[in-house]
Amino acid sequence: MTKFNELNLNPKVLKAIEEAGYESPTPIQEGAIPAALEGRDVLGIAQTGTGKTASFTLPMITLLARGRARARMPRSLVLCPTRELAAQVAENFDTYAKHLKLTKALLIGGVSFKEQDALIDRGVDVLIATPGRLLDHFERGKLLLTGVQIMVVDEADRMLDMGFIPDIERIFSLTPFTRQTLFFSATMASEIERITDTFLSAPTRVEVARQATASETIEQGVVMFKGGRRDREASAKRKVLRALIDAEGDKCTNAIIFCNRKTDVDICAKSLKKYGYDAAAIHGDLDQSQRMKTLDGFRDGSLRLLVASDVAARGLDVPSVSHVFNFDVPGHPEDYVHRIGRTGRAGRDGKAITICSGRDEKALAAIEKLIQKDIPRIDNPVKTEEPKEDAPKPERKAKPTDAKKGESRKNDRKKDKEPKGRGRRDDKSPAVVGMGDHLPSFIALSFDERRAG
Ligand code: AMP
């Protein structure tokens with residue numbers, strides 16, 4: 001097996017790797033690092049959890065250790081589809097470059113232009129950005145991309161989902177033709193293939209097993225949910241969710257609950273909180289500081305249940321998530337793979353339970369086709385199909401401060417927050433004319449849920 005010290009990485013990078021406790025490179029690292037260090041373009045087909053972030057940050061740091069940054073001309077550029085992913089990549093740089101003097105700037109929505117401008121003015125080695133925000137800076141004349149020697153596109157398939165491909169093409173065209181490109185995608189849709197054919201030059205292709213095949217440590221199950229009366233279906237589903245969480249008991253140390261729509265993310269989190277569960281919401285309409293606070297709480301274990309949309313949770317690296325609950329079956333089968341991949345990381349056991357209502361059966365079949373196995377059916381823990389909801393359990397009172405947490409948000413819709421195009425399935429939210437996603441909880445929650453508060 002290859003060792004890190006056989007990969008020609010900078011000794012200071014090797015020291016940081018040792019301090020991070022990694023013993024040997026993962027397959028994507030083993031494949032991508034030598035090629036990247038030789039200055040070759042890399043096409044990495046891998047998803048989060050495979051060690052792909054280090055597969056580009058480690059060689060980048062090694063290459064950038066030689067040379068110096070010039071004012072307003074970043075030497076390298078990492079493009080990420082979401083702010084969270086960009087922040088995570090920035091953390092990776094901090095970890096692996098801690099023994100070197102490299103500078104970086106993070107250009108994401110919600111972080112002030114002024115601070116980032118000051119950093120860029122001084123010159124940065126690494127610029128990590130979401131595409132929309134990067135172009136905003138560029139158009140304000142604050143940034144020159146002609147000094148970019150290395151450009152990374154991370155999670156290109158998600159960029160495609162979010163409608164960022166035109167932005168990516170534009171950014172490619174603003175960087176020098178001679179740049180080195182490291183390009184990562186979990187899947188190779190034809191549109192992605194077109195981009196790589198156009199902008200990558202004789203890339204080294206490194207493909208690692210899809211998480212669908214690697215996730216043997218994740219126990220999966222699906223509850224086939226018959227909603228009964230349509231007007232009560234949503235609250236009945238939330239009751240099923242609570243029962244599923246309860247059934248897992250202490251084994252469920254923490255969980256991510258995925259909903260397809262932003263409105264449901266909010267409603268679900270509010271409903272859980274009202275029933276005394278320690279839950280908070282995360283999706284693209286919450287302001288940056290709120291999202292970071294929620295994520296930090298989830299990472300450090302002070303928040304047990306994170307209710308999330310696909311985009312917000314994409315690429316989230318929380319090593320020990322015991323459970324994933326799919327409140328809805330995702331519309332795109334790959335999203336299922338990404339969602340359940342939040343648990344069972346680094347060889348740990350994990351459990352992923354999906355609630356499938358009648359209209360989602362087709363989507364479930366598509367998932368089973370993709371992962372090439374049937375997801376075991378588990379009994380609905382709520383026996384009555386026509387729900388008559390119980391009063392909340394008094395012993396699990398939510399902290400009063402928690403009840404406020406997930407609710408504050410700004411109507412702050414920027415390009416790089418939530419998907420356009422195919423990814424905007426959140427727009428199919430239940431229609432309340434004139435309210436959009438801001439569906440007040442007193443309308444959305446069932447009578448019992450309201451009383452529970
Ligand atoms: P990523 O696929 O980049 O999201 O990485 C997933 C997780 O694997 C992160 O928590 C990394 O810190 C960790 N990781 C990356 N490389 C290694 C390695 N060679 N050995 C062990 N863990 C690693």
Side-chain angles (χ1 to χ4, degrees), residues 1-10 13-34 36-37 42-62 78-98 126 128 152-158 182-187 206-215 217-218 254 256 295-296 298-301 308 310-322 324 334 337-348 350:
M1 192 196 280
T2 315
K3 296 208 174 73
F4 273 114
N5 60 15
E6 294 166 39
L7 294 178
N8 276 330
L9 289 163
N10 181 300
V13 174
L14 286 176
K15 188 168 174 223
I17 294 172
E18 201 183 319
E19 286 163 3
Y22 303 163
E23 287 179 1
S24 51
T26 63
I28 185 83
Q29 292 164 1
E30 211 175 318
I33 294 172
L37 287 176
V42 172
L43 172 56
I45 303 162
Q47 5 187 281
T48 45
T50 55
K52 75 171 164 56
T53 317
S55 80
F56 62 81
T57 42
L58 300 176
M60 275 177 87
I61 297 166
T62 300
V78 182
L79 294 174
C80 301
T82 64
R83 303 151 158 209
E84 281 74 21
L85 200 56
Q88 234 163 255
V89 170
E91 273 173 33
N92 271 259
F93 268 101
D94 288 343
T95 307
Y96 306 132
K98 66 179 179 186
V126 186
I128 303 160
V152 177
V153 179
D154 196 13
E155 307 227 345
D157 52 339
R158 179 58 46 156
L182 313 175
F183 191 100
F184 292 83
S185 185
T187 53
V206 188
E207 187 160 358
V208 301
R210 292 180 56 88
Q211 216 150 3
T213 54
S215 62
T217 57
I218 304 171
N254 60 350
I256 305 179
L295 281 181
D296 286 347
F298 191 63
R299 279 206 187 94
D300 70 23
D310 286 286
V311 172
R314 177 65 188 240
L316 254 191
D317 181 28
V318 181
S320 52
V321 175
S322 72
V324 164
E334 320 87 65
V337 178
H338 292 303
R339 287 181 181 188
I340 72 164
R342 304 302 94 214
T343 181
R345 284 164 94 83
R348 291 186 179 86

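Remember, it's 1-based here, ligands and their atoms both numbered in the order they're listed. Everything numeric here is computed off the predicted structure, so don't read it as measured data.
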Please answer whether the main-chain N or O of [Y] pairs with a side-chain N or O of [X] as donor and acceptor at a distance below 3.5 Å.
{"X": "N254", "Y": "S322", "value": "yes"}
{"X": "T62", "Y": "N10", "value": "yes"}
{"X": "N8", "Y": "P34", "value": "no"}

More than 12 heavy atoms of other residues, nucleotides or ligands under 6.0 Å from CD of E18: is that the case?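 Open: at most 12 neighbouring heavy atoms sit under 6.0 Å from CD of E18.
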Answer yes or no: does atom CG of D296 have more than 12 heavy-atom neighbours from other residues, nucleotides or ligands under 6.0 Å?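 Yes.
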Have a look at Y22, F184, F4 and point out the one with the heavy atom closest to atom 13 (C) of ligand 1.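 Shortest heavy-atom distance from atom 13 (C) of ligand 1: Y22.
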T53: numbered ligand 1 atoms lying under 4.0 Å from its heavy atoms: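 What qualifies from ligand 1 is 1 (P), 3 (O), 4 (O).
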Based purely on interatomic distance, does [X] place a nitrogen or oxygen under 3.5 Å from a nitrogen or oxygen of ligand 1?
{"X": "Q29", "result": "yes"}
{"X": "T50", "result": "yes"}
{"X": "G51", "result": "yes"}

Has S24 got any heavy atom lying under 4.0 angstrom from an atom of ligand 1?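 S24: in contact with ligand 1 (<4.0 Å).
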